[in-house]
Amino acid sequence: MNIKTEIINEIAEITNMDAAVIAEAVETPPNHDMGDLALPCFKLARELKKAPPAIAADIAGRFGKPAFISEVKAVGGYLNFFYDRGFYINHMMERLIAAGKDWGKSDMGAGKTVVIDYSSINIAKPFHIGHLSSTAIGGALYKIYKYLGYNAVGVNHLGDWGTQFGKLIAAYKLWGDDSSINEHPMDAMLKLYVRFHSEAKENEALNDEGRAWFKKIEDGDEEALRIFGWFSELTLREARRIYGLLDISFDSYAGESFYNDKLAAVIGELKAKNLLTESEGAYVVRLEEYGLPPAIIVKSDGATLYMTRDIAAAEYRHVTYGFHKNLYVVAYQQNLHFRQLFAVLEKMGKGYAKDCEHIAFGMVSLEDGTLSTREGKVLLLEDVLNKAVERTIEIIDEKNPDIEDKAAIARDIGVGAVIYSTLSQSRIKDITFSFDRVLNFDGETGPYVQYTHTRCASVLRRAGERSGSADYSALGNDEAVAVLKLLEEFPETLAAAIDKNEPFYVTRNITALAQAFNKYYYEHKIIDDDIEKTNARLALTSAVRDVIKRGLT
RNA sequence: GUGCCAGUAGCUCAGCUGGAUAGAGCGUUUGGCUACGGACCAAAAGGCCGGGAGUUCGAAUCUUCUCUGGCACACCA
């Protein structure tokens, strides 16, 4: 059973209303002395044709008092329920212990596939902090969907097609040096790219050369493909190392070039459906009825575009995975692009168009301006991670020098701090990257939460193996109940996180849990001579530890 | 110019399908280590919720106008 559901059902019965409507309406009061659960009756007023205070009083009068309720009080238009504390604690502890490490796990997504397109790095370009948001948000969603029973498919839609690669090869042929590329591949490739752009400003012929090399890639020229393949391999090797650090994984690396042989079919289908119009030499799909500018499908020189590839990719994902949802974790700059893409899919009569969603997030900029790969103004993600790990080592040396596995712990905490910083606020907010902020380990931060986890683990280790029953009356205090309330919310938080595709909901819940537990920890001794009470407190500690761990990974 | 997004404490952000006294963290000031890990805990100060008008019993939340900032607007991705 579940206390909340019981209450909702009983209210539904009394008022003769739909339980789902009541479930929508109930809320947690802002203050403890207003009870544990509240029903604002204002919304019911119309339906029941009575004044809110009268409704509240009426329900309060007719509510049969089960054992888990200590009081039902009508206050103005609100109906406040007070749980019986002893009952609530027993009830929650039973649920938590039964679930064990799987608290919050669900099969709500059974049989449903969610394709998540995230990270999507570019070949031969550095993995910089601009990629962190997509990688972290997408990776977190991937894990949450999986935990809730969905079949999640992580796709790294590699940027591995376009004239830029012709330019890169041209630059390599002119100035490239194999040994330096092998030694520091990303750095060397970036240098070639930057040099090409700065010299091309003076020398227009270079651009022609770049285009010529790209044409060779398209035509399958052996040398061009060999060099390009080499660059791809180097980029992916470097990227995989970073994904390893971040604990991020993908099921598919099908990038833009993967769709080359599927574009003719897309264009054919658009033509067959009479959606393609010629305009200034190019072929476009008009989208006036959506209030959008036309989407260019084929350039006037006959070449295809990003849009063409994305249509092919959506169709491919539909056919291959039969998705329930198809998510694109891409910065909000591409808002218009995705609105156009979804509109085109809809015009093509693709039923799955409504299941596609752009999971937009804000820009990352540096304190002194925007990132720019062309100008070589980048902050490498790996450098940021390394700096965070170094900072962690400094703190460990200062506070806890005797710890074992220092390097591994520092890596977990340092990397965790960086990930936490992007998952701690709603996606859409722009971020001005600041080392001061990322490397601050106090307060609402990754290290704080991890510290709490370690604290729990440490207490449990110290307590050793215990047996015997538990006396939950030991948890009869405000601090313990506050912890239980947050644990109770965890499953709903996970569901809300995928509903809105906002992983920070989970981060926020876990952070609040850590705060509540730290307060509890400070106010109450966990291990004492009373074995049964200690067992109860340890069980709570263990639940906190497991949920934090779940939330963090 | 048009469209989309954001604007809440000195800073970074919650709260937004209208609801009870607008909440955290950082920073500042102050107090707490003979405790199971002080990367902790507690207290204080700090707000015309960008501004105006409207809808409502009730607006940070909805509508509208306006200001500021960001992004995007046909052959880049």
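Keep in mind the model is a prediction, meaning the values are calculated, not measured. Here is how names work: the chains are called A, B, and so on, in the same order as the sequence lines, proteins then strands, and each is numbered from 1.
B:C57 and B:G25: their C1' atoms are spaced 36 Å apart (whole Å). Taking atom C1' in both B:G47 and B:C13, one finds a spacing of 15 Å when rounded to whole Å. Using atom C1' as the reference point in both B:A74 and B:U55, the two lie 42 Å apart (nearest Å). Atom C1' of B:G70 sits at a distance of 40 Å from the matching atom of B:U30, rounded to the whole Å. B:G27 and B:U63 have their C1' atoms separated by 38 Å, given to the nearest Å. Comparing the C1' positions of B:G50 and B:U68 gives a spacing of 8 Å, expressed to the nearest Å. Atom name C1', nucleotides B:C62 and B:G23: the rounded distance is 22 Å, in whole Å. Spacing of P atoms, B:C26 relative to B:C71, comes out at 31 Å, to the nearest Å.
Phosphate proximity of B:C41 to A:Tyr448: present, with a side-chain N or O under 4.0 Å from OP1 or OP2.
Between A:Lys262 and A:Glu315, none of the side-chain N atoms (NZ, or NE/NH1/NH2) sits under 4.0 Å from a carboxylate O, so this pair counts as no salt bridge. Between A:Glu502 and A:Arg508 there is no salt bridge, since none of the side-chain N atoms of the basic residue sits less than 4.0 Å from a carboxylate O of the acidic one.
In this structure, A:Ala331 reaches neither bases nor backbone, as no heavy-atom distance under 4.0 Å exists between it and the strands shown.
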Its contact letters, B for base, S for sugar-phosphate only and - for none at protein heavy atoms under 4.0 Å, make nucleotides 54-61 of chain B read --------

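On a pure distance criterion of 3.5 Å, no polar donor-acceptor pair joins the side chain of A:Thr511 and the base of B:A24. For A:Asn80 and B:A20, a side-chain-to-base donor-acceptor distance below 3.5 Å is present, hydrogens and geometry of angles not being considered.
A cation-pi contact links A:Lys271 to A:Tyr283, judged by a cut-off of 6.0 Å to the six-membered ring centre and 45° from its axis.
Between A:Tyr193 and A:His197, the ring planes lie perpendicular to each other; the angle is over 60°, past the 30° to 60° tilted range.
Taken residue by residue, residues 424-433 of chain A places heavy atoms nearer than 4.0 Å to RNA chain B at A:Gln425, A:Ser426, A:Ile428, A:Lys429, A:Asp430.
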Could you go step by step and tell me if A:Trp161 and A:Tyr306 meet the ring-ring contact (aromatic ring centres under 6.0 Å, His included) rule?
CA-CA 9 Å; A:Trp161 196 250; A:Tyr306 184 42; over 10 Å; no

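In this structure, A:Tyr306 places its OH atom 17 Å from P of B:A74, rounding to the nearest Å.
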